[in-house]
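Below you'll find the structure, written out as structure tokens, and then a few comments.
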Amino acid sequence: MPELPEVEITRRGIAPHLEGQRVREVVVRQPHLRWPVPARLRSELPGQHIVAVRRRGKYLLLETEVGSAILHLGMSGSLHVVAAGTPPGKHDHVDIVFANGRSLRLRDPRRFGAVLWTTRPASSHKLLRALGPEPLSDAFDADYLFAASRGRRVSVKALIMDSKVVVGVGNIYASESLFLAGIRPQTPAGRIARRRYQRLVAAVRQVLAAAIEQGGTTLRDFTDSEGRPGYFQQRLQVYGRGGEPCPLCGGRIRSLQLGQRNTFYCPRCQH
DNA sequence: ACTGGCTCCTGAGGGC
DNA sequence: TGCCCTCAGGAGCCAG
């Protein structure tokens, strides 16, 4: 399930193969993703050169002179650069074929992902316009998060998973960050003091940066663009460890449902 | 303005 | 070995 670190790993893996390349063709085998793959992608992207491969939150942007392809991996999507003639698998829905004979191939069994096209600046696209700051940028600091939490009755976990508040923090890293910060996930966001948000911001940054360094988290099937798994799952302290001893205090890690999401925490270490 | 619930989809994993 | 059932999960969308 790609969160920000997995998307960033993917971006770093594909960017060197894409930048400067000219698109020859877009092959859509299954247009029914989260939203229909737009016809204009197939008519307007071919002929263009990829100028840059960027990431905004969990969105990947393939930028050209005339527009940008916007990609989202949903929860089961992955991107690989394949050689011409590589036979597509059952869930290989879209190929962006380059003049050099290689293709960027999107595989997404659950089809929660998306491939879109915009000829305006990507940042003004409906899906990107209202996104919160990048968690690894200077804009994401304790003052900002504290201010964003005032008056909010949602749990602090839901707050940091809200992409309008901060992008890229998914279910796994939310639990991990709150454990590191010593904050209970279910605490109403508006009742947490500024000083504790200081710890939380530091924890989110630390967890995400460490996950990127480890190549991401592979729970089921995430691999980078070269097919390598991530190693951060070995560093997960609480996620998926309900009933196991807490790595800090030895108490039992508890799991609960929070906003329809599986949540893990240590009742002794997190308050 | 907020909030919680629903929705898309398929593979994995458990029970028997 | 195989079948059926349940569930995970990003995040936009909508109703209250």
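Chain letters run A, B, ... following the sequence lines, proteins first and then strands; every chain starts at 1.
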Under 4.0 Å between a side-chain N/O of [X] and OP1 or OP2 of [N], yes or no?
X      : N      : answer
A:K90  : B:dG11 : yes
A:Y59  : C:dG12 : yes
A:R152 : B:dT3  : yes
A:H91  : B:dG11 : yes
A:H72  : C:dG10 : no

(message) Categorize A:L33 for me: base, sugar-phosphate, or nothing, with a 4.0 angstrom heavy-atom threshold over every strand shown.
(response)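 Result for A:L33 = nothing.
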(request) Could you tell me whether A:D162 contacts a base, only the sugar-phosphate backbone, or nothing, with contacts defined as non-hydrogen atoms closer than 4.0 Å? (result) nothing
(message) Set out, in order, the CA-CA distance, both residues' side-chain angles and the distance that settles side-chain contact (heavy atoms from CB on, under 4.5 Å) for A:V156 and A:Y197, then state yes or no.
(response) CA-CA 10 Å; A:V156 62; A:Y197 277 111; 4.1 Å; yes
(message) If you go through the side-chain atoms of A:R261, does one of them form a donor-acceptor pair with the base of C:dA8 closer than 3.5 Å?
(response) no
(message) By a 5.5 angstrom centroid cut-off and a 30 degree plane limit, is there stacking between A:F112 and C:dA11?
(response)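 So A:F112 does not count as stacking on the base.
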(message) Here's a test of your reading of the structure: between A:R150 and A:R34, which maps to the more 5' nucleotide of DNA chain B?
(response)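 Between the two, 5'-proximity favours A:R150.
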(message) Which is more 5' along DNA chain B, the nucleotide nearest A:R111 or the one nearest A:S155? Just name the residue.
(response)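 Mapping each residue to its closest nucleotide by heavy atoms, the 5'-most match is A:S155.
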